[in-house]
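All remarks here apply to the structure that follows.
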Amino acid sequence: MNVNGEHYRSIWRESDGAVRIIDQTRLPFRFEILELETLEDAARVIETMQVRGAPCIGATAAYGVALALLEDASDEALEVALSRLGGTRPTAVNLQWALNEMALAVRNHPHESRAQIAFQRAAEICHEDVETCRAIGAHGLKLILTHAAKKSRVNILTHCNAGWIATVDWGTALAPIYMAHDVGIDVHVWVDETRPRNQGAALTAWELGSHGVPHTVITDNAGGHLMQRGDVDLCIVGTDRTTRGGDVANKIGTYLKALAAYDNNVPFYVALPHTTIDWGLLSGDDIPIEERAAEEVTHLTGLKANGEPESVQVTAPGSAAANFAFDVTPARLVTGLITERGVAEASEAGLLKLYPERAHD
Ligand code: MRU
């Protein structure tokens, strides 16, 4: 995607070997690029959410393994890297998927060639993610076109950020929206602010604004009201882990939007690459839900009039706060799963129709 007319991916390797990311904690006010030099750099930026979004976390972890092997390509160092990166965030299954891919790619190779093979596999993972998201966009576009055939403006509600910055490029939930806008459909996006970290207000709004897509930021509580009034034609969200039974873990608050959509007959779609499907889990009850620091709830960070960021407390001093980062939307509330292979019914049978090779996993 373009930032001020220049094409960027969320993570990339320069010709001189430097691995770079866009610091997502500085957006939307500052566009800053960071270099990852070590395993620890990669693990830290995932933990601090300087990179975030399930596919982008996976891509960063892949480069983290390669950086670790550059320092020390022994079996022990590989295990340390897999365990350090694997412990950074628990919910997005793309992390485990990418680490498995990296281990498979290097394990049976001599130590002296491991780093080079790892960088190559990390680059492939990034390339595959871009192509996968492009295909998700094309399938999702067909859904938007069916709505555009019935009315001139299509209103789509999204939660959190499942845009290009959450992947390597294009995004999952936002890819169909970018494509719809690009082919001339009048698409307007209701952007949930997504407390506590405001990925919607900060990142989705920034992405859509940079691409010229009409959008309006709303409070997390407004979606149900808009759906009751007929102001939402469809919802499209991303996911951090979807079980083979079609249950969907995504940013906290997604479930409530799915309930409101169900009550108001608004189609509720989830866009995801195959790397986000956990074939080893049937029920969403078994998905680990990340709990983060209470300060993300008790405090808000914004920009002061002088352009400097400031964190302020918004809760009563002394009140306890809990910060559940994800929730699970049961498959029965999901209209369809938009994948790179087409739109699946949210069920084991629906997913296996598109991924028959997974039947015996
Ligand atoms: O905690 P985050 O910001 O990493 O959570 C991200 C989400 O919930 C996204 O919707 C999900 O990862 C899909 S990204 C294409």
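What you see is a predicted model; the values in this text were computed from it and never measured. Both ligands and their constituent atoms are indexed starting at 1 by order of listing.
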- E40 and T38: side-chain donor and acceptor closer than 3.5 Å? no
- Task: Could you please spell out the steps behind the side chain to side chain contact (heavy atoms under 4.5 Å, CB included) verdict for L300 and R195?
- Result: CA-CA 9 Å; L300 270 176; R195 277 282 282 147; 3.2 Å; yes
Throw together a table of side-chain donor-acceptor distances under 3.5 angstrom for residues 141-148, partners on residues two or more places apart or in other chains.
| from | atom 1 | to | atom 2 | distance (Å) |
| --- | --- | --- | --- | --- |
| K142 | NZ | H139 | ND1 | 3.3 |
| T146 | OG1 | L143 | O | 2.6 |

Write out each pair where an N or O from ligand 1 and one from the protein are under 3.5 Å apart, with the distance.
| from | atom 1 | to | atom 2 | distance (Å) |
| --- | --- | --- | --- | --- |
| ligand 1 | 1 (O) | R89 | NH1 | 3.4 |
| ligand 1 | 1 (O) | R89 | NH2 | 2.7 |
| ligand 1 | 1 (O) | K251 | NZ | 2.7 |
| ligand 1 | 3 (O) | R52 | NE | 2.5 |
| ligand 1 | 3 (O) | R52 | NH2 | 3.4 |
| ligand 1 | 3 (O) | Q199 | NE2 | 2.8 |
| ligand 1 | 4 (O) | G53 | N | 3.0 |
| ligand 1 | 4 (O) | R89 | NH1 | 2.9 |
| ligand 1 | 8 (O) | D240 | OD1 | 2.8 |
| ligand 1 | 8 (O) | N250 | OD1 | 3.0 |
| ligand 1 | 8 (O) | K251 | N | 3.3 |
| ligand 1 | 10 (O) | N250 | OD1 | 2.7 |
| ligand 1 | 12 (O) | A54 | N | 3.0 |
| ligand 1 | 12 (O) | D240 | OD1 | 3.3 |
| ligand 1 | 12 (O) | D240 | OD2 | 2.8 |

- Query: Can you check whether P90's main-chain N or O pairs, donor with acceptor, with R241's side chain at less than 3.5 Å?
  - Reply: yes
- Do the ring planes of Y8 and F31 sit parallel (below 30°), tilted (30 to 60°) or perpendicular (above 60°)? perpendicular
- Query: Between the side chains of D278 and T243, does any donor sit under 3.5 Å from an acceptor?
  - Reply: no
